K.L.:
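The structure follows.
Keep in mind that this is a model prediction, so the values were computed, not measured.
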Amino acid sequence: MSFKIAFIGAGSIGFTRGLMRDLLAVPEFKDITVAFQDISQANLDMVTSLVQRDIDANGLAITIEKTLDRRSAVAKSRYIFCVARVGGLEAFKTDVEIPLSYGIDQCVGDTICAGGVMYGQRGINFILGVCKDIREVAEQGALLLNYSNPMAMLTWAANVYGGIRCVGLCHGVQGGHWQITSCVEHWAKKQGLIGPDEKVAKKDVDIVAAGINHQTWYTKATWRGIDLIPKMLELFEGHPEYPTTEKVRIDMLRRFGLYSTESNGHLSEYVAWYRKRPQEISRWIDTGCWINGETGGYLRVCTEGRDWFETDFPNWMKDKALTYRAEDRGEEHGSYIVEGLETGRVYRGHFNVVNRATITNLAPDAIIEVPGYVDRTGMNIPTIGELPWGAASVCTSSINVQRLAVKAAYSGDDQLLRQAMLLDPLTGAVCNPPEVWQLCDEMLAAQAQWLPQYAAASARATASIAKAKADGTWIPTREGYQGAARLHTKTIDEMQNDRAAAKANAGESDKAKERKAAAAH
């Protein structure tokens with residue numbers, strides 16, 4: 001088989017290297033063409049050198065085409081992977097720290113909440129440019145496989161305004177699947193259903209999840225014919241670790257009857273209840289791993305990962321190359337989708353797609369995360385029907401924010417942007433309307449270089465800030481506030497003390513994979 005795959009934002013080492021390993025483990029793909037694009041020549045050079053070394057070591061004759069020109073990378077591509085972070089860590093820092101000065105304490109800030117809404121404004125303008133390139137120069141019918149956050153917003157914009165086929169992909173469902181498997185194993189041993197040394201394999205626990213990205217719910221789970229959903233609270237409360245590390249998820253399970261796919265820290269920032277008062281945050285989170293609720297945790301581990309990769313890169317080139325074997329493939333959906341479409345092998349996964357009537361009690365225009373099957377006929381999505389209404393209502397609150405944010409980013413209408421921020425559950429729980437308007441002014445001014453559609457609004461915001469500070473109407477903020485659970489970002493010297501952990505963090509797309517794997521086993 002011969003076709004072209006393009007990676008946009010290929011300097012993202014975790015996704016790019018792992019996805020290439022997964023793709024090139026498929027024997028039929030030994031003759032494909034691959035293009036890497038990034039805006040950073042340094043990052044592009046490093047990642048291309050590393051991945052090309054992997055390819056060569058596996059005896060393949062593929063030569064990566066690297067370029068700073070996005071359009072040339074997309075040209076004649078059948079599949080385009082978007083793994084870009086628009087604005088990089090510089091913009092991401094403002095997503096976390098400006099809202100924090102208003103008391104909005106985010107663990108991640110890349111989906112909704114104040115940081116996620118602004119991340120969407122940058123990413124939507126970018127992804128619509130990618131869509132234009134796809135329409136004009138890619139292979140006809142090309143598929144955009146989006147890994148960039150905010151997943152729902154970017155996938156929504158690409159499908160509605162971009163005029164191309166786009167599927168959003170995430171590894172959140174897989175992470176929770178491991179947790180359920182671990183719970184079943186502990187429970188089954190207590191019940192005498194398996195021996196004390198036996199293991200429960202993830203493949204033996206069948207799950208179905210449905211909802212919206214990062215607020216997807218496990219609606220079905222079975223093991224040996226046992227319906228696990230009625231037992232889910234018992235399973236998680238009886239686990240040796242999760243009552244400490246997953247307090248938000250267990251509380252949501254207790255109140256809504258379903259377990260959420262998303263991590264404790266992520267989930268805590270999507271709803272109004274767990275992070276609105278600093279003194280209560282420690283009650284709901286655990287700082288043993290950033291994903292469990294650490295203030296700005298994802299910003300910290302991404303910063304450490306970038307710093308380590310840039311500093312330690314020469315040693316990476318000396319390490320043993322990755323092997324391209326079926327047993328070494330990861331759990332990211334992307335390579336399996338391409339394999340299914342090209343070879344006809346059936347793949348079942350969970351994908352982010354336009355709802356239409358798949359989940360009947362969520363808005364038809366929303367981007368939902370649901371199970372699907374891929375083969376040579378395409379991507380086939382079964383009808384889910386109704387979610388339990390409580391879970392559907394939690395999703396709807398986020399969908400309303402997403403819809404406004406997408407329309408704002410497409411139109412450059414800062415009034416819609418402010419309304420999206422005001423309707424965000426955690427932002428609205430912490431801030432009053434004047435504070436939200438001022439927060440938006442600060443964000444528009446700080447991120448102006450990445451928001452060309454808001455050029456006029458950013459200029460007005462900058463003027464408004466200056467006027468408010470001059471005439472005494474500026475609402476005081478907590479500038480420099482570190483939040484309720486902020487941890488120190490390690491220096492290179494400090495990371496030298498555990499080089500293996502630093503390397504694992506830098507090289508992995510799922511920054512909490514090691515913790516999840518340890519808990520699951």
Side-chain angles (χ1 to χ4, degrees), residues 1-8 15-35 58 60 62 74 76-83 134 138-148 151 155 158-159 164-175 177 201-210 213 216 220 261 322-356 358 367-384 509-510:
M1 294 181 176
S2 180
F3 54 88
K4 182 179 177 183
I5 296 179
F7 284 76
I8 307 302
F15 274 112
T16 303
R17 194 183 188 198
L19 286 168
M20 284 294 293
R21 172 203 60 209
D22 297 349
L23 284 162
L24 296 181
V26 180
E28 292 89 343
F29 293 173
K30 63 182 175 59
D31 295 319
I32 66 172
T33 300
V34 179
N58 283 272
L60 300 179
I62 296 168
V74 169
K76 300 182 180 179
S77 293
R78 185 176 298 176
Y79 301 100
I80 299 91
F81 284 87
C82 182
V83 293
I134 293 172
E139 184 177 296
Q140 187 173 4
L143 176 63
L144 176 60
L145 296 159
N146 176 48
Y147 274 100
S148 294
M151 176 61 63
T155 305
N159 280 286
I164 54 95
R165 295 191 305 148
C166 177
V167 176
L169 304 176
C170 180
H171 45 237
V173 174
Q174 296 97 303
H177 193 177
K202 178 169 167 275
K203 64 181 177 59
D204 294 329
V205 179
D206 196 20
I207 57 98
V208 171
N213 181 241
T216 310
K220 294 181 180 179
T261 59
L322 296 183
T323 53
Y324 293 165
R325 302 178 301 179
E327 57 266 35
D328 295 326
R329 290 175 79 177
E331 290 190 317
E332 300 292 352
H333 298 299
S335 72
Y336 300 96
I337 291 174
V338 177
E339 181 183 11
L341 293 172
E342 294 295 330
T343 71
R345 297 186 191 108
V346 178
Y347 176 67
R348 173 186 167 190
H350 285 79
F351 315 127
N352 288 270
V353 296
V354 180
N355 183 23
R356 299 184 174 92
T358 302
I367 297 297
I368 57 170
E369 189 166 58
V370 287
Y373 297 84
V374 184
D375 60 18
R376 192 174 277 120
T377 66
M379 184 172 289
N380 304 285
I381 306 295
T383 298
I384 297 298
S509 57
D510 182 351

K.L.:
Given 3.5 Å as the limit, does a donor-acceptor pair link the side chain of Y324 with the main chain of L60, or not?
P.N.:
no
K.L.:
Are T155 and N352 close enough that a side-chain donor and a side-chain acceptor fall under 3.5 Å?
P.N.:
no
K.L.:
Mind listing the closest non-hydrogen atom pair of I384 and A210 along with its distance?
P.N.:
CG2-CB, 4.1 Å
K.L.:
Enter the distance from E339:CD to H333:NE2 here, rounded to the nearest 0.5 Å.
P.N.:
14.5 Å
K.L.:
Side chains of V173 and E369: does their closest heavy-atom pair fall under 4.5 Å?
P.N.:
yes
K.L.:
Side-chain contact, heavy-atom cut-off 4.5 Å: V354 with I367?
P.N.:
yes
K.L.:
Find the distance between NZ (K202) and CD (Q174) and round it off to the nearest 0.5 Å.
P.N.:
6.0 Å
K.L.:
Below 4.5 Å, heavy atoms only, C-beta onward: do T343 and M1 meet side chain to side chain?
P.N.:
yes
K.L.:
Under the side-chain hydrogen bond (donor to acceptor under 3.5 Å, both in side chains) rule, collect the residues that match up with S335, sequence neighbours excluded.
P.N.:
R329
K.L.:
For side-chain contact (heavy atoms from CB on, under 4.5 Å), just list the numbers for L23 and V34, CA-CA rounded to whole Å, side-chain angles, deciding distance to a tenth of an Å, and then say yes or no.
P.N.:
CA-CA 11 Å; L23 284 162; V34 179; over 6 Å; no
K.L.:
So with a 6.0 Å cut-off around CZ of R348, is the heavy-atom count from everything else above 12?
P.N.:
yes
K.L.:
For a quick test of reading the model, state the closest non-hydrogen atom pair linking S77 to I5 and the distance between them.
P.N.:
OG-C, 4.3 Å
K.L.:
Report yes or no: does N159 contribute a side-chain atom to a donor-acceptor pair with the main-chain N or O of C166 at less than 3.5 Å?
P.N.:
yes
K.L.:
When rounded to the nearest 0.5 angstrom, what is the spacing between CZ in F7 and SG in C82?
P.N.:
11.5 Å
K.L.:
Mind checking whether N146 and M151 have side chains closer than 4.5 Å, heavy atoms only?
P.N.:
yes
K.L.:
Tell me the side-chain hydrogen bond (donor to acceptor under 3.5 Å, both in side chains) pairs involving residues 23-33, sequence neighbours left out?
P.N.:
E28-R345
K.L.:
Tell me the closest heavy-atom pair linking R78 and S2, and the distance in Å.
P.N.:
NH2-O, 4.3 Å
K.L.:
I want to check something: taking the side chain as every heavy atom from C-beta on, are H350 and I207 in contact at a cut-off of under 4.5 Å?
P.N.:
yes
K.L.:
May I ask you to test the T358-V353 pair for a side-chain heavy-atom distance under 4.5 Å?
P.N.:
no
K.L.:
With a cut-off of 6.0 Å (strictly less than), are more than 12 heavy atoms of other residues, nucleotides or ligands near NZ of K76?
P.N.:
no
K.L.:
If you compare all heavy atoms of D22 against all heavy atoms of G330, which two are closest, and at what distance to 0.1 Å?
P.N.:
OD1-N, 2.9 Å
K.L.:
Once the angle between the rings of F15 and H171 is folded into 0 to 90°, is it parallel (under 30°), tilted (30 to 60°) or perpendicular (over 60°)?
P.N.:
parallel
K.L.:
For residues L322 and D328, determine if any side-chain heavy atom of one lies less than 4.5 Å from a side-chain heavy atom of the other.
P.N.:
no
K.L.:
Are any side-chain N or O atoms of T261 and backbone N or O atoms of G172, one a donor and one an acceptor, separated by less than 3.5 Å?
P.N.:
no
K.L.:
For Y79 and F3, take the angle between the two ring planes, folded into 0 to 90°, and tell me which bin it lands in: parallel under 30, tilted 30 to 60, perpendicular over 60.
P.N.:
perpendicular
K.L.:
Supply the atom-to-atom distance R21 CZ to T16 OG1, rounded to the nearest 0.5 angstrom.
P.N.:
12.0 Å
K.L.:
Rounded to the nearest 0.5 Å, what's the gap from CD1 on I62 to CE on M20? Could you check?
P.N.:
6.0 Å
K.L.:
Within this structure, what is the CD1-CG distance for the pair I80 and L143, rounded to the nearest 0.5 Å?
P.N.:
7.5 Å
K.L.:
Which heavy atom of F29 sits nearest a heavy atom of L24, and at what distance?
P.N.:
O-CD2, 3.7 Å
K.L.:
If you count heavy atoms of other groups shown closer than 6.0 angstrom to CD of E327, is the number above 12?
P.N.:
yes
K.L.:
Between L169 and F351, is there a side-chain heavy-atom distance shorter than 4.5 Å?
P.N.:
yes
K.L.:
Can you establish whether the number of heavy atoms outside Y373 located under 6.0 Å from its atom OH is more than 12?
P.N.:
no
K.L.:
Where do D375 and G344 come nearest, in terms of heavy atoms and distance?
P.N.:
CB-O, 3.7 Å
